[in-house]
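Just so you know, these numbers come straight off a predicted model, no measurement behind them.
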Amino acid sequence: SATVGLNANLSSLTVSISGGKAPYHYQTERFYDSMGWTVIGEQWDVNETTWCNNLKASGFQTGTERYRINVIDATGTKVTSDEATITVQN
C-alpha cells in the first residue's frame, strides 16, 4: 500500500519473478467497480525477471485505487501478484 499526491510517479509497482520460461508478458490491471479487473498496460517479449510499470497519478481522482500485475510466461502459465492499494490525495 502507498499514499501519494496527484501527479506523483508511482514507481512502486514492481514485480520480481523466479522460474517460468522467458520471454514474459507483463500486464498491469486496475480494479473498476463497474468493470472489475481491467488491463491498463502491458509489455510483451520481456526477458527480465524484474519489471516496473511507472504509472502517473495525474489521470487519477483522489481516492483509493487497486492494482495487480499478471505475468504470463512463454508456455502460457499465468501468475497474478497480490493486490496493491494506492491512495491518491490532493
query = Thr49: what forms a side-chain hydrogen bond (donor to acceptor under 3.5 Å, both in side chains) with it, not counting sequence neighbours?
reply = none

ask   = Partners of Tyr32 by ring-ring contact (aromatic ring centres under 6.0 Å, His included), sequence neighbours excluded?
value = none

task = Keeping to residues at least two apart or across chains, list the salt bridge (Lys or Arg N to Asp or Glu O under 4.0 Å) pairs with something in residues 72-90.
result = Arg66-Glu83

ask   = Can you name the closest pair of heavy atoms from Gln89 and Thr62 and give their distance?
value = C-CG2, 3.9 Å

Joint hydrophobic cluster, Ile72 plus Ile17, side-chain heavy atoms closer than 4.5 Å = no

ask   = Are Val88 and Ile40 grouped together when hydrophobic residues (ILVMFWY) are joined by side-chain heavy atoms under 4.5 angstrom apart?
value = yes

query = Counting distance only, does the side-chain N/O of Ser81 pair as donor-acceptor with the main-chain N or O of Ile69 below 3.5 Å?
reply = yes

task = Could you grab the distance from atom OG1 of Thr85 to atom CD of Glu65, nearest 0.5 Å is fine?
result = 10.0 Å

Would you give me the side-chain donor-acceptor pairs under 3.5 Å for residues 19-27, sequence neighbours excluded?
unit_1: Tyr24; atom_1: OH; unit_2: Gly19; atom_2: O; d: 3.0
unit_1: His25; atom_1: NE2; unit_2: Glu42; atom_2: OE1; d: 2.7
unit_1: Tyr26; atom_1: OH; unit_2: Glu48; atom_2: O; d: 2.8
unit_1: Gln27; atom_1: OE1; unit_2: Asn70; atom_2: ND2; d: 3.1
unit_1: Gln27; atom_1: NE2; unit_2: Glu42; atom_2: OE1; d: 3.4

inquiry  = Applying side-chain hydrogen bond (donor to acceptor under 3.5 Å, both in side chains), can you list everything that pairs with Ser16, at least two apart in sequence or on another chain?
reply    = Thr50

inquiry  = Through direct or indirect side-chain contacts below 4.5 angstrom among Ile, Leu, Val, Met, Phe, Trp and Tyr, which residues connect to Trp44?
reply    = none

ask   = For Thr77, which residues count as a side-chain hydrogen bond (donor to acceptor under 3.5 Å, both in side chains) partner, sequence neighbours excluded?
value = Thr75

